Amino acid sequence: MSSLTQVSPAGNGGKDGPKATPASNFIRQIIDADNASGKHAGKVVTRFPPEPNGYLHIGHAKSICLNFGLANDYGGVCHLRFDDTNPVKEDVEYEESIKEMVEWLGFSFEKNLYYASDYFDKLYEFAQYFIERGLAYVDSQSADEIRANRGTLTEPGTNSPFRDRSAEENLCLFDEMKRGLHADGSQILRLKLDMASPNINLRDPAIYRIRHTEHHRTGNTWCVYPMYDYTHSISDAIERITHSLCTLEFEAHRPLYDWVLAQLVDAGKLPSPSPQQIEFSRLNLSYTVMSKRKLLELVETGLVNGWDDPRMMTLAGLRRRGFTPGSIRLFAERVGVSKAHQWIDMADLERALRDDLDASAKRAMAVLDPVRVVIENYPDGEFEECSAKVNPHDDAAGVRSFKFAREVFIEREDFMENPVKGFFRLVPGGEVRLRHGFIIKCERIEKDAAGNATTIFASYDPATKSGSGGRNVKGAIHWVAKIDGIQAEVRLYDRLFNVENPDSGEGDYKTYLNPHSLKTVTAWLEPSLANAKADVSYQFERNGYFTADRVDSKPGALVFNRAVTLKDGWKP
RNA sequence: AGGGGAGUCGCCAAGUGGUAAGGCACCGGAUUUUGAUUCCGGUAUACGUAGGUUCGAUCCCUUCCUCCCCUGCCA
């Protein structure tokens, strides 16, 4: 079924690039079964429902790709709904950022943007209905008393002394709460379910609390705000969501979700069939932390440079680092979805980026750790034009050119004075090809007091220009000529933590921060990079994938971020 | 006996009564002016454990083990 409606496996971004084949999974099976039975008349409506209280991270990306991807594959729609029911934590700033990132990932929600706060009137009216039916009551106990009376995991709770207030009294009290006659925390509206339920979520859950706080969208219209379980189920039903996907920790909330909807459907206040809540496991990534609290702490304590620090697993950070939307969609597809707890290695995310970029990224040469090479048999002051394909996989991308001259830079690690076995780059007396240029031979070197090469004196073979069809040698290394090279700051990133799971280890996760997660160097770049823009990925040949930093890079003062290195199969 | 979930290759993940898909990683080999890419080939007598049912079990039943979630007026 799904294979017939399959459009773009890795999401609906529509961009070219590697795709993982969408695997069968338990959610697709449920949808297929619903489609077969005609439950939702073949419709698939999902939703991504963030609370606008923080920035999106790679874990959210999994959910976004899942919800939008499924809707897309089944010819349905996915709503972006802000779950903005708690004004003390939320802000428009977060809302804007979330919208920007969902779009960046390649998903569209123009016609499908919703707010839980748009349902406040209806939610209030339904709450009155629950009160009238004797299914909800205003509890005047303090938060502490309520907690004490909730019981424990193994002991039942005890009924509130206010549990049997009349519907009239409850209606009156609830109205007073709404009108602002009661202080925060002094009264609360609870569903009247079962204080002895083995499922604690069913022990008269709170559904409306008093918050004399301005809401970023409804202003001061309200001072009572509905809570998650109550709001979410109703919002899903109002929007005619068919499949409501959430993470595993909400499994125990499903009975409540179903109960609330069942009452309202029975009363003819909500349509049938109700949406089905389906839970899947969260994404855990090694060598990083994902909780909002820790991300916030890293930012606030200055351990990283903001929410979009390229070392952060926030979508803003990943974008700035140079990750592409396609790579994240590919990653989400590869990781799959199930109810088993998944621990994914950072390397898998990096792999997805390489796979996405290899086919499309422009190439350029850049020397990150330069050592000077003087080609003694090349006349000083002269130069020769060399060229190379912008993308070897795509002739249409054209060619770039750069000069070969007497003085060039090569990567320090591409030269070894005393080579180990198997090293086939430049060595004393040996030859190597300057990629896209000529074969050179190391004649002698000049060293500093510490024994490091400061200048390599070489000769070149004029008959070996790239493309001339002449002889060749085993090694080919990248280089940049001083005459037309440009210098730029390059930021080299490594994982933020040096242990696989900084979260659950003993002690403070901050003690596991990798002190070398950022290294800044001044590199020599080939001239074609002079106009590099953020959002355009380059492969620095033999080095990795880099992108101009979207905030710090300026024409004439370029700053590049290394998103990921190239795979390095060389083992000494 | 509090309730609810999960355990299939190093990491993910299909299969769900008929004799273990796929991806990533890894190991070979070919091509290569990126030690990249690409391409070929290899990689679970095995599905947490112990029993049972069956001609036959990863799939059904039972036992046990391990891990995760739930005692917010957060979502």
Side-chain angles (χ1 to χ4, degrees), chain A residues 20-21 23-26 49-51 53-54 83-86 88-90 139 141-144 146-148 150-157 184-190 196-203 205-211 225 227-229 231-232 246-255 279 281-283 286 292 330-331 333-345 347-348 351-352 354-355 358-359 363 365 388 392-393 422-425 432-437 439 464 466-467 472-478 539-544 565-571:
Chain A
T21 304
S24 163
N25 64 51
F26 75 104
E51 179 185 19
N53 71 341
D83 223 334
D84 53 351
T85 59
N86 187 358
V88 314
K89 298 168 64 180
E90 299 154 5
D139 196 341
Q141 294 183 103
S142 69
D144 285 343
I146 288 177
R147 186 177 312 117
R150 185 155 25 232
T152 68
L153 294 178
T154 53
E155 299 160 332
D184 285 10
S186 63
Q187 313 288 342
I188 194 156
L189 186 67
R190 293 227 259 173
S197 172
N199 181 346
I200 292 177
N201 297 296
L202 264 22
R203 316 240 264 232
I207 60 170
Y208 257 96
R209 79 293 223 180
I210 303 171
R211 285 282 179 280
Y225 293 95
M227 294 183 62
Y228 172 82
D229 288 301
T231 307
H232 207 87
C246 61
T247 44
L248 251 27
E249 65 268 29
F250 292 102
E251 278 175 322
H253 295 242
R254 195 187 333 129
E279 309 86 10
S281 71
R282 268 179 192 286
L283 168 70
S286 65
K292 238 166 226 176
L330 178 62
F331 173 71
E333 197 63 56
R334 282 181 178 173
V335 147
V337 58
S338 73
K339 292 174 84 87
H341 296 274
Q342 51 177 205
W343 262 104
I344 308 294
D345 199 285
D348 291 356
R351 176 72 204 190
R354 294 191 193 101
D355 288 347
D358 178 63
R363 315 284 139 131
M365 293 197 289
H393 301 310
F423 184 82
F424 55 70
R425 277 108 98 159
V432 76
R433 172 174 290 283
L434 293 184
R435 193 168 153 74
H436 312 304
I439 291 174
T464 59
S466 184
N472 214 357
V473 291
K474 174 88 170 149
I477 63 175
H478 57 280
Q539 183 195 98
F540 286 4
E541 295 181 293
R542 301 208 312 133
N543 261 319
T565 61
L566 244 35
K567 179 181 175 186
D568 186 357
W570 183 53
K571 293 175 286 293

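Sequence lines set the chain letters: A, B, ... in the order given, protein chains first and strands last, and positions in each chain run from 1. Side chains included, hydrogens not; waters and symmetry mates left out as well; all remaining heavy atoms used. This structure is a prediction, so every number in the text was calculated from the model and none was measured.
- When heavy atoms are screened at a 4.0 angstrom cut-off, A/Phe424 is found touching base atoms of the nucleic acid.
- To the nearest whole angstrom, the two C1' atoms, one in B/G17 and one in B/U58, are 10 Å apart.
- B/A14 and B/U8 have their C1' atoms separated by 10 Å, with the value rounded to a whole Å.
- The side chain of A/Arg542 contributes no N or O atom lying less than 4.0 Å from OP1 or OP2 of B/U37.
- Residue-nucleotide stacking is not present for A/Tyr228 and B/A75, judged by a side-chain ring centre under 5.5 Å from the six-membered base ring centre and planes under 30° apart.
- Of the nucleotides present, none pairs with B/G56 by Watson-Crick or G-U wobble criteria with both distances under 3.5 Å.
- Separation of the C1' atoms belonging to B/A13 and B/G22 is 8 Å when rounded to the nearest angstrom.
- Taking only side-chain atoms of A/Ile344, from C-beta outward, the nucleotide of B/U33, B/C11, B/A36 with the closest atom is B/C11.
- Spacing of C1' atoms, B/U63 relative to B/A1, comes out at 14 Å, to the nearest Å.
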For nucleotides 1-10 of chain B, give me one character per nucleotide, 5' to 3': B if any protein heavy atom sits under 4.0 Å from the base, S if the only such contacts are to the sugar-phosphate, - if neither.
-BSSSS----
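- At least one side-chain nitrogen or oxygen of A/Ser338 sits closer than 4.0 Å to the OP1 or OP2 atom of B/A13.
- Comparing B/G72, B/U37, B/U71 against the side chain of A/Asp358 picks out B/U37 as the nearest.
- Remark: B/A75 base-pairs with no nucleotide in the shown strands. Criterion, Watson-Crick or G-U wobble with two distances under 3.5 Å.
- Taking the side chain of A/Ala143 as heavy atoms from C-beta on, and the options B/U37, B/C74, B/C73, the nearest nucleotide is B/C73.
- Of the candidates B/C74, B/C12, B/C26, the closest approach to any side-chain atom of A/Arg209 belongs to B/C74.
- Only the C1' atoms considered, B/U16 is 16 Å distant from B/G7, to the nearest whole Å.
- On the P atoms, B/C64 is 15 Å away from B/A50, given to the nearest whole Å.
- The base of B/U33 sits with one of its N or O atoms less than 3.5 Å from a complementary donor or acceptor on the side chain of A/Arg433.
- Here the side chain of A/Arg351 is nearest to one of B/U37, B/U34, B/C73, namely B/U37.
- With both ends at atom C1', the span from B/G29 to B/G18 equals 37 Å, rounded to whole Å.
- No hydrogens or angles were tested; on distance alone, a donor-acceptor pair under 3.5 Å links the side chain of A/Arg363 to the base of B/U34.
- Among B/C70, B/G72, B/G23, the nucleotide with an atom closest to any side-chain atom of A/Arg334 is B/G23.
- Nearest nucleotide to the side chain of A/Lys567, out of B/U33, B/A75, B/C26: B/C26.
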